[in-house]
Amino acid sequence: MSDPDSPPENEPAPKWVRFTGIGFELAGITLLFLVLGYWIDAVWMPGKHFATAVGTLVGFSLAMTRFIIQVKKNQ
């Protein structure tokens, strides 16, 4: 038996819910690349933070590209 206050299952989620999820993806992808760069620095280049910086920039660039594509698609 379903809850009478819940929307029907075939009704799409509101736009703000979809955009919130996309924002979490942006943050998650950026953090993933940051941690990967930090790990590379810790293992191969102790004392330098080159891979951390590059990883963060690459991750943010990829995540922002995906973010823009998803927002354009969902408008």
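Start at 1 with the first residue, then count along the sequence. All figures in this text were calculated on a predicted structure; none of them were measured in a lab.
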Under a single-linkage definition using a 4.5 Å side-chain heavy-atom cutoff for Ile, Leu, Val, Met, Phe, Trp and Tyr, are Met64 and Leu31 assigned to the same hydrophobic cluster?
no
If every non-hydrogen atom of Gly59 is compared with every non-hydrogen atom of Ile29, which pair is closest and at what distance?
O-CG2, 3.7 Å
Minimal heavy-atom distance between Asp41 and Thr52, with the atoms involved, is OD2-OG1, 2.6 Å
Flag yes if Val54 and Leu57 sit in one hydrophobic cluster, no otherwise; membership is Ile, Leu, Val, Met, Phe, Trp, Tyr, and two members link when side-chain heavy atoms are under 4.5 Å apart.
no
Minimum heavy-atom separation for Phe33 and Val58, please, with both atom names.
CE2-CG1, 4.1 Å
Close side-chain approach of Phe67 to Phe60, heavy-atom, < 4.5 Å:
no
Leu36, Val43: one ILVMFWY side-chain cluster at the under-4.5 Å cut-off?
yes
Examine Leu32 and Trp39 and state if one hydrophobic cluster contains both, with Ile, Leu, Val, Met, Phe, Trp and Tyr joined whenever side-chain heavy atoms are less than 4.5 Å apart.
no
